[in-house]
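Note sheet for the following structure.
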Amino acid sequence: MEHKTVEQLKRVAEVRDDFQAQALTPVQKLLRWAELLEARPDRSLTTLHGTEYEVGAVRDAMRSDDSPISVAFADPVLRAAGMTDDTYGEAKRFFGISDHDLHEALCYCHYGPSIQAGTAARSVRGIAIRAESPGLIGRMRSAFAL
């Protein structure tokens, strides 16, 4: 997927921004992301390299073509719900998840240069389960869901 700004898109297409933002809970957003990844579970996606070593502003600006985050950003439902780009920081903000969870879901140090979409989907579902059921029960569910 090629990354373009809204201004670049406006030069080649009609860009409408008159839609109503869809109200989705953080868990609904995460489950939608997991479903998008599960639609093509064998698809090879790129990971982000060294998210744990970068300072906040640099880490938040990290992105990669064909990453699990770019799959989410390509979805019109998630964009209508307020996702503004495919950066690490936007994924953290939009999905309401921690650096730790996002790092575990898509960092190079866990998967190498690529991750299968199905594997990323299981990680995202685990995050959703923990968000929905915090505490010991949520952690136990998450352990069995992954």
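Keep in mind that what you see is a predicted model, and the values were worked out from it rather than measured. Just so you know, residue 1 is the first one in the sequence shown, and it goes up from there.
- Looking at I97 and K29, their side chains never come closer than 4.5 Å, going by heavy atoms from C-beta outward.
- For the pair E104 and I127, the minimum side-chain heavy-atom distance is 4.5 Å or more.
- Judged purely by atom type and a 3.5 angstrom limit, S70 has no side-chain atom pairing as donor or acceptor with the backbone of D65.
- In this structure, V71 and R40 have side chains that are not in contact, with every pair of non-hydrogen atoms separated by 4.5 Å or more.
- Among H100, H49, H103, the single residue meeting the ring pair (Phe, Tyr, Trp, His ring centres under 6.0 Å) criterion with H110 is H103.
- With hydrogens and angles disregarded, no donor-acceptor distance shorter than 3.5 Å links the side chain of K92 to the backbone of L102.
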F73 and T84: side-chain contact (heavy atoms from CB on, under 4.5 Å), yes or no, with the steps?
CA-CA 8 Å; F73 183 60; T84 60; 5.6 Å; no
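- S114 and S44 get closest at one heavy-atom pair: CB-OG, 3.3 Å.
- Hydrophobic clustering of Ile, Leu, Val, Met, Phe, Trp and Tyr side chains at less than 4.5 Å, counting indirect connections, keeps F95 apart from V27.
- For P68 against I115, the heavy-atom pair with the smallest separation is CG-CG2, 4.0 Å.
- By the criterion of side-chain heavy atoms lying less than 4.5 angstrom apart, applied directly or through intervening Ile, Leu, Val, Met, Phe, Trp or Tyr residues, Y108 is not grouped with L106; the two fall into different hydrophobic clusters.
- Across all their heavy atoms, D99 and Y88 have their closest contact at OD1-OH, 2.9 Å.
- The two atoms that bring C109 and E52 nearest to each other are SG-OE2, 3.7 Å, heavy atoms only.
- No donor-acceptor pair closer than 3.5 Å links the side chain of R59 to the backbone N or O of G89.
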Stepwise side-chain contact (heavy atoms from CB on, under 4.5 Å) check, R125 with L31
CA-CA 6 Å; R125 279 200 184 278; L31 293 175; 3.3 Å; yes
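- Nearest approach of R93 to G82, heavy atoms of both residues: NH2-O, 3.1 Å.
- Considering OG1 of T25 and CG of L30, their distance stands at 8.5 Å, rounded to 0.5 Å.
- A continuous path of Ile, Leu, Val, Met, Phe, Trp and Tyr side chains, each step under 4.5 Å between heavy atoms, connects V77 with L36, placing both in one hydrophobic cluster.
- T46 approaches S64 most closely through the heavy-atom pair OG1-OG, 2.8 Å.
- Between R63 and D85 there is no salt bridge, since no side-chain nitrogen of the basic residue lies less than 4.0 Å from a carboxylate oxygen of the acidic one.
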